[in-house]
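Just so we're on the same page: letters track the sequence lines, and every chain starts at 1. No hydrogens, no waters, no symmetry mates; every other heavy atom, side chains included, goes into these values.
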Protein chains: 2
Amino acid sequence: MSKSFVSANDVARHAGVSRSAVSRAFTPGASVSEDTRKRVMNSAQTLGYHVNQLARGLMRSESGIVCLVVSEMDTPYRARLVRAFSHELQKAGKISMLINTDRSDGGVDAALRQTLNYRADASILLSGLPDKAITKLCLDSGQRIVLINRDDNINGPFHINLNDHQAAKVAVNAFLRAGCRALAFVNSEVGTPSLMARENGFLAAAASFGLNVTVTSHGNTVYESGRHAAHSLLTSFDRPDAVFCVNDLMALGFIDSARQDFGVRIPEDLCVIGFDDIEQASWSSYELTTFAQPIDQIVQASLLWLSEAADTQNVKSQTFNAPLVWRKTVRGNHQQVS
Amino acid sequence: MSKSFVSANDVARHAGVSRSAVSRAFTPGASVSEDTRKRVMNSAQTLGYHVNQLARGLMRSESGIVCLVVSEMDTPYRARLVRAFSHELQKAGKISMLINTDRSDGGVDAALRQTLNYRADASILLSGLPDKAITKLCLDSGQRIVLINRDDNINGPFHINLNDHQAAKVAVNAFLRAGCRALAFVNSEVGTPSLMARENGFLAAAASFGLNVTVTSHGNTVYESGRHAAHSLLTSFDRPDAVFCVNDLMALGFIDSARQDFGVRIPEDLCVIGFDDIEQASWSSYELTTFAQPIDQIVQASLLWLSEAADTQNVKSQTFNAPLVWRKTVRGNHQQVS
DNA sequence: TTGTATGCGTTATCAG
DNA sequence: CTGATAACGCATACAA
């Protein structure tokens, strides 16, 4: 059994150099001769030395830790986002801390406060609703913050948003081309800014064509809620012939229920569009026409912003388009409309 | 703009006590009077003080950091596992670091080494194949390790396994009761121990009844591979009437292809059983009969083991059963068999 | 380029 | 119960 941890001191002694030499050998761009550097590395290798990032973070301004703040991360879209972020962060030499904001009992704030305790360089808020005060606190403590799809009107963080209005307009156009007239919008009761933007955008675009939209809102943004929506929408006298669902999970639930509980044919009787382009949307049982989350762009933009010096930051926010990926739940020509 | 970080020294000065008093006030179970404790807390509150975990970790033996090592974490089962772990870890006052082992170019080892650099107390290996040597290295550095569904024959870590053989036997029984005789097994080419255990267990159980099993292995353990399996299994002269898929993703792909490409009715013509009980398995398009991963038990057992003192550890491994959840892809009476 | 000395923010030890 | 002091492992200003 080897001694639990070997310090820079041990390496220095073994290599016959000073402690600082070891430190310099492990600091990129430090002034050290190739000879000593090699000897240090050799000793480090044989002794099994690893730089203690805790101690290094104590001295340096940055700890190399980035926090991923997320709720419901087993949801397909969120899971992909977390995977993409952790992957790229890791590639950039950063380490990612996971803050789970599922609980509503204040454990969230406590966890976010933890990120402060560990002196995280940055926090990326993918979702969840941490207290605004805590966000402010992190900011004041010198943490960089990236806000994704949140409309907190707060200064300092980098805001990344989707052009939900634009997407909604594209959806309306697609429906109109398919010859649909009775439009419906399926939302959840969550009321997240981006979800509401999709609803409002859809309503506005439809109104510009003199069309009315039936709106339903049920529970959480999940599969089961999509089923509920189908029940409330398809039992009514005048059924819609086009439904825009606020996300894919709800769209899939809606489709299943529409087909199996009401015998509705898709897209012959009813056109459906979703949002997110989760993997299941492409499964052959669904072939859902939906808007794709520009995950790569979101991640790239975030990392780029984080890599810039804090004072150099000119850009404060960025908006991306979610392109429509045509599959088989909307009638008509499958040409790119977005 | 507040001063970036406030130290225990600042609090001590503000409260009119010594640094040690502050330290004790924040250490549960330390000997400190209620009076000073309150004064310290007050000063800390107004000044916005937070214990620096980096410095604390430097002194204490434990950093409070636990690493979650996982690959393909946007897969439904993995995502749920990660969510459950991060949630419970957080509840226990630990902080979780995410190590993404998706890349195959050595970035994995580098990342795992990072966990050493941050002096993580423990690593939980959910998947992926980090080099055995690295695992050993973590172990030697005093890290606690939990291995989930891996059969590394290495001493020190806590091994958690599923009773795959038992599950496979239950599957065979279920198929036999449904009157199936032509059994097939759908596997991927990944060859993970637990996947192979399911295959071997299935083959053995079938053999005990004098039954032969057709085995196919295609690509990765994903939806698309399930479709491929359907194509190679259902185009042959003698089609199987029962298929055990190594996981739900493949089962769902298999079902979709069987129904849509071959007009097979499920369960009338063909019975299907999957593994994992991912959310999609319960969607009404599938209603898949499958084995449920005992995620809660896995997480609980892991945390319990981690909370025990390193020297107290009597138990080295634990095996859980995956109960069969009956839905609609297997004919016959839906009584509990497992 | 190299070594020395100091400080980062804590906790542990030991007097008082 | 409290305060001073010594670690923890590292990075850096400074002098050599």
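- The shortest side-chain heavy-atom distance between B:Leu147 and B:Ile124 does not fall under the 4.5 Å cut-off.
- Taking 4.0 Å as the cut-off between side-chain N and carboxylate O, B:Arg80 and A:Asp74 do not count as a salt-bridged pair.
- Between A:Ile145 and A:Cys138, some side-chain heavy-atom pair lies under the 4.5 Å cut-off.
- The C1' atoms of five pairs define one axis at each end of the helix from C:dT1-D:dA16 to C:dG16-D:dC1, and these two axes lie 30° apart (to 10°).
- The aromatic ring centres of A:Tyr49 and A:Phe26 sit less than 6.0 Å apart.
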Residues 296-303 of chain B, side-chain donor-acceptor partners within the protein, below 3.5 Å, at least two apart:
unit_1   : atom_1 : unit_2   : atom_2 : d
B:Ser302 : OG     : B:Ile298 : O      : 2.8

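- At the heavy-atom level, A:Ser33 lies under 4.0 Å from the strands shown only through sugar-phosphate atoms.
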Per-nucleotide protein contact string for nucleotides 7-16 of chain C (B base, S sugar-phosphate only, - none; heavy atom under 4.0 Å): BBBBB-----

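- Using bins of under 30°, 30° to 60° and over 60° for the plane-to-plane angle, the ring pair A:Phe158/A:Trp305 lands in the parallel bin.
- For A:Thr36, a side-chain nitrogen or oxygen approaches OP1 or OP2 of C:dT2 to under 4.0 Å.
- Between the CD atom of B:Glu62 and the P atom of D:dC8 there is a distance of 18 Å, rounded to whole Å.
- D:dC8 atom P lies 10 Å from atom CG of A:Asp10, rounded to whole Å.
- Atom P of nucleotide D:dG3 and atom CZ of B:Arg13 are separated by 15 Å, given to the nearest angstrom.
- Without hydrogens or angle criteria, A:Thr101 side chain to A:Val70 main chain gives a donor-acceptor distance under 3.5 Å.
- Between the side chain of B:Arg78 and the backbone N or O of B:Ser71 there is at least one donor-acceptor pair closer than 3.5 Å.
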